[in-house]
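Since the structure comes first, as structure tokens, the remarks are kept for the end.
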Amino acid sequence: MDDTPQTNLVWYILFHNHTQGLQLNTLLKDAGLKPIIVPTPRKLSQSCGIALMIPTDQLVETKAVIEREQAEILGIAVLPRDLNPLRDRYC
Amino acid sequence: MADYRQMWQDLDMDLETHDLLCEVLPQAFGDVYLSQENRPEGMGYYNFVVSEIHGVRPAELIEAQKAGAKVFGTFCVYVPDEIVFAAGGIATGLCGGSQFWVPGGEKVLPTGTCPLIKASVGARLDRTCPFFRIADMYVGETTCDGKKKAWEILAEDVPVYVMDLPQMKRPQDTDDWAREIESFLIRVEEMTGNKVTPENLAAAIKLINNKRRALARLYDFRKLDNPPISGKDALLISQIAFYDDPTRFTQMTNALCDELDKRVKDGIGVYAKDARRILLSGTPLAIPNWKLHHIVESLGAAVVVEEMCTGIRYFENLVDESQTTLDGMIRALAERYMKINCACFTPNQGRIDDIKRLVKEYQADGVIDVNLKFCTLYDVEGFLVERSLKEAGIPCLGLETDYTDEDAGGLRTRIGAFLEMLGSK
């Protein structure tokens with residue numbers, strides 16, 4: 001297994017509350033997209049709760065759904081993809 | 001990204017310290033769970049529960065309390081949730097699976113106490129877990145000496161009720177346990193102000209049995225040649241089962257299983273075809289303790305079943321639903337719960353038989369017998385377990401670990417060598 005973190009970009013949609021997040025998650029899935037519910041990365045917020053992780057190649061379509069459905073969000077942010085299964089840092 | 005600070009403040013939590021836990025969770029969850037490929041879509045629900053772990057469910061419990069319900073915090077799979085739900089209360093597992101809480105426990109407990117107990121005490125006394133703040137009453141049990149003494153310490157800070165679990169499995173021990181359940185029922189009635197009736201107890205038995213059925217259905221997928229869900233994901237679901245709303249949990253887990261049915265039909269599995277299949281036995285893995293599963297699976301093997309409290313001990317055997325009287329139901333509860341095989345019993349041949357049966361049912365290539373440091377019961381029983389498995393020709397590796405990250409490298413080496421010893425398929 002490659003032990004280096006993957007470095008491509010990942011986009012996060014942030015919300016005021018989980019209800020907004022779950023609603024958009026459903027809308028995106030209905031549109032054939034593949035959002036992933038994740039804990040909001042610490043670099044993006046001091047609060048806890050859900051964000052939606054969106055791959056770069058689905059960003060344009062995701063934004064289109066948000067606009068078309070007038071979904072309420074707090075914002076969209078991007079971070080380098082930093083998932084490292086060999087980091088061995090647990091809670 | 002809700003702001004739960006006001007709620008936590010109202011619970012008199014130490015926000016500054018709690019913040020440190022919030023800081024590490026997203027990265028750890030990402031490394032362990034989001035680094036997996038080809039996860040079932042239905043795992044989104046459990047991602048959601050973890051993401052909102054100190055938010056959504058605590059808020060629900062507080063709302064229920066405002067409506068008059070009482071919340072009972074439990075620490076063990078022997079405590080019959082059915083009694084609590086029958087009386088209109090809510091039972092919730094209290095999480096003790098993080099190193100984050102251990103130093104708080106060590107302020108009052110000997111260092112040589114198991115991390116689960118230290119973390120549970122630390123979470124309460126350091127005021128860093130909302131579930132520990134919300135529970136109106138803790139329900140302890142006499143499953144080990146460390147816990148028995150810990151209840152006394154906790155009882156100085158929160159009401160604690162202790163159930164006296166028999167330590168043998170003779171007929172009179174089941175009678176004793178039935179009497180203990182009766183006494184617990186009376187205390188729960190006093191606490192909630194509600195009577196437990198044959199009607200509401202029958203409904204609660206069905207409620208919890210349905211949760212067990214959903215988990216059994218989930219675990220059945222892990223018996224297949226190439227399971228459609230990882231061991232890590234199954235562990236997460238088992239951990240969440242302890243504190244989620246039981247009706248919603250059952251519904252979401254059955255929905256996930258519907259998806260897994262489809263994945264099986266489509267030939268979708270999550271492991272390489274030559275992945276070695278591992279049964280984990282031993283001490284519980286309370287949320288967010290994901291270390292062992294993650295190490296085993298990141299080495300290319302599959303954890304196919306847990307002979308643990310966070311595993312089959314939680315859901316195997318249903319409570320008889322045919323009883324119509326309160327006495328009959330209490331007896332049925334006692335009989336079901338006494339079928340759990342914990343190392344606190346002597347003798348405990350049933351656990352060894354369980355492991356051997358599970359090896360066959362889940363086609364395990366080997367067993368890793370895990371002991372949380374300083375758990376004397378499972379540590380001593382490990383000798384009998386490992387000897388018996390070796391006699392049966394079942395490869396077995398005994399491991400001791402705790403909640404720290406420090407032993408991860410050593411565990412990787414030992415587990416890697418064990419997998420190599422198992423050879424390729």
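Every chain is numbered from 1 and lettered A, B, ... according to where its sequence line falls, protein lines coming before strand lines. What you are looking at is a predicted structure, and each value in this text was computed from that prediction instead of being measured.
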Should the heavy atoms of other residues, nucleotides or ligands under 6.0 Å from [atom1] of [X] be counted, would the total exceed 12?
X      : atom1 : value
E23(B) : CD    : yes
E69(A) : CD    : yes
K34(A) : NZ    : no

Could you tell me whether a side-chain N or O of [X] sits under 3.5 Å from a main-chain N or O of [Y], the two making a donor and an acceptor?
X       : Y      : value
N47(B)  : I37(A) : yes
H294(B) : P85(A) : yes
E52(B)  : I50(A) : yes

What heavy-atom pair brings [X] and [Y] nearest, and what distance separates the two atoms?
X      : Y      : result
C91(A) : V24(B) : CA-CG2, 4.3 Å
A28(B) : R89(A) : CB-O, 3.6 Å
L34(B) : I36(A) : CD2-CG2, 4.0 Å

> Taking N25(A), L22(A), T19(A) one by one, which has the highest count of heavy-atom pairs under 4.5 Å against chain B?
Replying inline: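 Among the listed options, the one with the most contacts to chain B is L22(A).
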
> Going from CD1 on I295(B) to OH on Y90(A), what distance comes out if it is rounded to the nearest 0.5 angstrom?
Replying inline: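 Going from the CD1 atom of I295(B) to the OH atom of Y90(A) covers 4.0 Å.
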
> Does any heavy atom of chain A fall under 4.5 Å from the side chain of W101(B), the backbone, both, or neither of them?
Replying inline: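 Neither part, no heavy atoms under 4.5 Å.
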
> Of the backbone (N, CA, C, O) and the side chain (C-beta and beyond), which part of D19(B) lies under 4.5 Å from a heavy atom of chain A, both, or neither?
Replying inline: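 Contact with chain A: backbone and side chain both.
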
> Which one, Y33(B), F48(B), F29(B), F100(B), leads in non-hydrogen pairs under 4.5 Å with chain A?
Replying inline: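 So the answer, after comparing Y33(B), F48(B), F29(B), F100(B), is F48(B).
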
>> I'd like to verify something: which residue of Q27(B), Q36(B), M43(B) has the highest number of heavy-atom pairs under 4.5 Å with chain A?
In response: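 Counting heavy-atom pairs under 4.5 Å, the top option is Q27(B).
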
>> Counting only non-hydrogen atoms closer than 4.5 Å, does K43(A) touch chain B with its backbone (N, CA, C, O), its side chain (CB onward), both, or neither?
In response: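 Looking at K43(A), nothing touches chain B.
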
> Can D405(B) and R87(A) be counted as an ion pair, charged N to O under 4.0 angstrom?
Replying inline: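 Judged by the 4.0 Å cut-off on N to carboxylate O distance, D405(B) and R87(A) do not form a salt bridge.
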
>> Working note: D88(A) + R412(B), criterion salt bridge (charged side-chain N to carboxylate O under 4.0 Å, His left out); need CA distance, chi angles, decisive distance, verdict.
In response: CA-CA 10 Å; D88(A) 280 333; R412(B) 277 190 186 281; 2.7 Å; yes

